[in-house]
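Heads up, the thing below is written out as structure tokens.
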Protein chains: 2
Amino acid sequence: MPASPSHAPAATIEMPEEPTHALRFGKARTAQASAVLEDYVELIADLIAVHGEARATEVAKRLGVSHPTAVKSVARLKREGLATSRPYRGIFLTDAGRQLADRVRARHRLVVDMLVAVGVPAEAAESDAEGMEHHASEATLKAFARFLADRGTKT
Amino acid sequence: MPASPSHAPAATIEMPEEPTHALRFGKARTAQASAVLEDYVELIADLIAVHGEARATEVAKRLGVSHPTAVKSVARLKREGLATSRPYRGIFLTDAGRQLADRVRARHRLVVDMLVAVGVPAEAAESDAEGMEHHASEATLKAFARFLADRGTKT
DNA sequence: ACATAAATGTAGCATTAGCTACACTCACGA
DNA sequence: TCGTGAGTGTAGCTAATGCTACATTTATGT
Ligand SMILES: [Mn+2]
Ligand SMILES: [Mn+2]
Ligand SMILES: [Mn+2]
Ligand SMILES: [Mn+2]
């Protein structure tokens with residue numbers, strides 16, 4: 001492979017050595033940190049919409065985790081101002097929580113639709129989207145929406 | 001255990017109440033657990049290819065983490081049989097590590113190409129792919145490949 | 001040769017997210 | 001009324017991933 005930076009000619013000017021790559025990884029880590037929060041608020045909003053309430057046990061069951069794990073994550077939601085709850089009662093979303101849930105739900109659908117549109121089987125699309133959705137930036141979502149719209153009118 | 005969902009019709013046969021959803025979340029969690037390993041082996045392989053060696057400090061710099069963090073993750077790579085290293089020398093990949101690196105690199109390119117193909121700007125594509133790649137199943141990758149191939153021949 | 005800089009290693013801490021085990025509450029049926 | 005079981009809460013553990021601070025080793029330059 002080509003001449004390397006560390007063995008580079010002494011005379012070259014100091015270059016930042018591409019912090020770009022590091023920034024990308026950093027973004028992925030940041031996105032990942034919100035992934036759990038996002039899945040919880042989306043699910044809680046769904047449960048409230050369908051059942052009128054969201055109980056810790058039900059959340060745990062749907063996510064496939066133990067109930068203490070769900071409780072601990074809900075504690076984080078509360079800390080971050082996304083949810084509220086009081087002993088032996090259900091879990092509720094704050095305004096911020098509801099807003100986030102709406103964005104997350106729309107994004108989820110968009111990612112799934114996109115995957116299906118390019119030929120991914122439905123179940124794989126749903127499964128993969130559950131992880132991929134948290135890494136789709138605004139620019140990417142915009143592109144997805146446009147792609148789907150064009151495809152729709154083009155039929 | 002009266003596993004009957006409180007909202008379900010009384011007469012219906014016991015249904016597992018969609019473990020599907022839980023399984024999807026479980027898959028996403030599993031994928032996430034390998035994400036760091038995958039990024040490390042890919043990067044280490046690149047560094048070896050380009051520089052002839054991969055040093056902990058360089059890996060840390062590229063990933064945007066502190067060097068002890070990189071060292072700790074490399075320790076996990078070693079534990080999982082993907083890499084080797086000895087005090088004050090570089091990091092090397094095992095056969096398994098090299099194989100994984102190859103798969104990961106190919107997958108990364110495929111995901112990026114796909115995003116670009118549907119209109120995502122290059123930098124966003126690279127950035128988002130860094131996280132999304134770890135959640136693309138075989139079925140999805142196959143669909144991506146086919147989509148790109150068709151698109152290619154179709155002009 | 002040797003002082004010093006850079007790389008590497010190690011210790012110790014925090015947070016997140018998972019688990020099991022156990023304790024407490026409350027709603028409901030006998 | 002009062003048990004009892006499901007739901008909820010709490011304690012305490014693990015593992016992964018991040019950090020800073022400091023110690024040690026290797027490499028470098030004079
Ligand atoms: Mn998700
Ligand atoms: Mn989702
Ligand atoms: Mn990645
Ligand atoms: Mn990658």
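Quick note on labels: first sequence line is chain A, next is B, and so on, each numbered from 1.
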query: Which of these nucleotides, dA16(D), dT8(D), dG18(D), is closest to any side-chain atom of A56(A)?
result: dT8(D)
query: More 5' along DNA chain C: T57(B) or S73(A), using each one's nearest nucleotide?
result: T57(B)
message: Considering only residues two or more places apart or on different chains, which pairs with a residue in residues 128-149 of chain B satisfy salt bridge (Lys or Arg N to Asp or Glu O under 4.0 Å)?
response: none
field: For T140(B) against A136(B), the heavy-atom pair lying closest together
entry: CG2-CB, 4.3 Å
field: Side chains of R103(A) and E38(A) in contact at under 4.5 Å (non-hydrogen atoms)
entry: no
message: So R79(A), base contact, sugar-phosphate only, or nothing? Heavy-atom distance under 4.0 Å.
response: sugar-phosphate
Whole-Å distance separating the NZ atom of K78(B) from the P atom of dT8(C): 13 Å
task: Starting at atom CD of Q32(B), determine the distance to atom C1' of dA17(C), rounded to an integer number of angstrom.
output: 12 Å
- line: Sequence neighbours excluded, the answer for side chain to side chain contact (heavy atoms under 4.5 Å, CB included) partners of A129(B) is V111(B), V112(B), L115(B)
field: Interatomic distance, H134(B) NE2 vs dA16(D) C1' [rounded to whole Å]
entry: 15 Å
message: Rounded to whole Å, how long is the line connecting atom CG of L77(A) with atom P of dT16(C)?
response: 12 Å
- line: When every non-hydrogen atom of I91(B) is compared with those of S85(B), the smallest separation belongs to CA-CB, 4.2 Å
task: Rounded off to whole Å, could you give me the CZ-to-P distance for the R89(A) and dC24(C) pair?
output: 23 Å
Would you tabulate the nitrogen or oxygen pairs shorter than 3.5 Å linking the protein to nucleotides 25-27 of chain C?
residue : atom : partner : partner atom : Å
dT25(C) : O4'  : Y88(A)  : OH           : 3.1

query: Which of residues 63-72 of chain B have a heavy atom under 4.0 Å from DNA chain C?
result: H67(B), P68(B), K72(B)
task: State, without any angle test, whether E126(B) and H108(B) hold a side-chain donor-acceptor pair at a distance under 3.5 Å.
output: yes
task: Would you mind reading off the distance between F25(B) atom CZ and dA17(C) atom C1', rounded to a whole angstrom?
output: 15 Å
- prompt: How long is the line joining CG of L37(A) and P of dT15(C), in whole Å?
  reply: 15 Å
field: Working for side chain to side chain contact (heavy atoms under 4.5 Å, CB included), residues I44(A) and F92(A)
entry: CA-CA 8 Å; I44(A) 290 167; F92(A) 307 92; over 6 Å; no
Verdict with reasoning, D46(B) to R105(B), per salt bridge (charged side-chain N to carboxylate O under 4.0 Å, His left out): CA-CA 9 Å; D46(B) 282 355; R105(B) 186 182 299 105; 3.1 Å; yes
- prompt: Once you round it to whole Å, what is the distance between C1' of dT8(D) and CD of E58(A)?
  reply: 14 Å
- prompt: Shortest non-hydrogen contact from A83(A) to T94(A)?
  reply: N-CG2, 3.8 Å
- line: Output row for DNA chain D, stems defined as at least 3 consecutive Watson-Crick or G-U pairs under 3.5 Å, is C:1-30 with D:1-30
- prompt: Who pairs with R55(A) by salt bridge (Lys or Arg N to Asp or Glu O under 4.0 Å), at least two apart in sequence or on another chain?
  reply: E53(A)
- request: Decide side chain to side chain contact (heavy atoms under 4.5 Å, CB included) for R24(B) and E123(A); before the verdict, give the C-alpha distance in whole Å, the side-chain angles of both, and the deciding distance to 0.1 Å.
  value: CA-CA 9 Å; R24(B) 284 177 200 154; E123(A) 179 50 35; 3.0 Å; yes
query: Just to confirm, is there a sub-4.0 Å distance from OP1 or OP2 of dT17(D) to any side-chain nitrogen or oxygen of R29(A)?
result: no
statement: Scanning both residues in full, the closest heavy-atom pair of S127(B) with K27(A) reads OG-CD, 3.3 Å
query: Phosphate oxygens OP1/OP2 of dT8(C): is one of them under 4.0 Å from a side-chain N or O of R55(B)?
result: yes
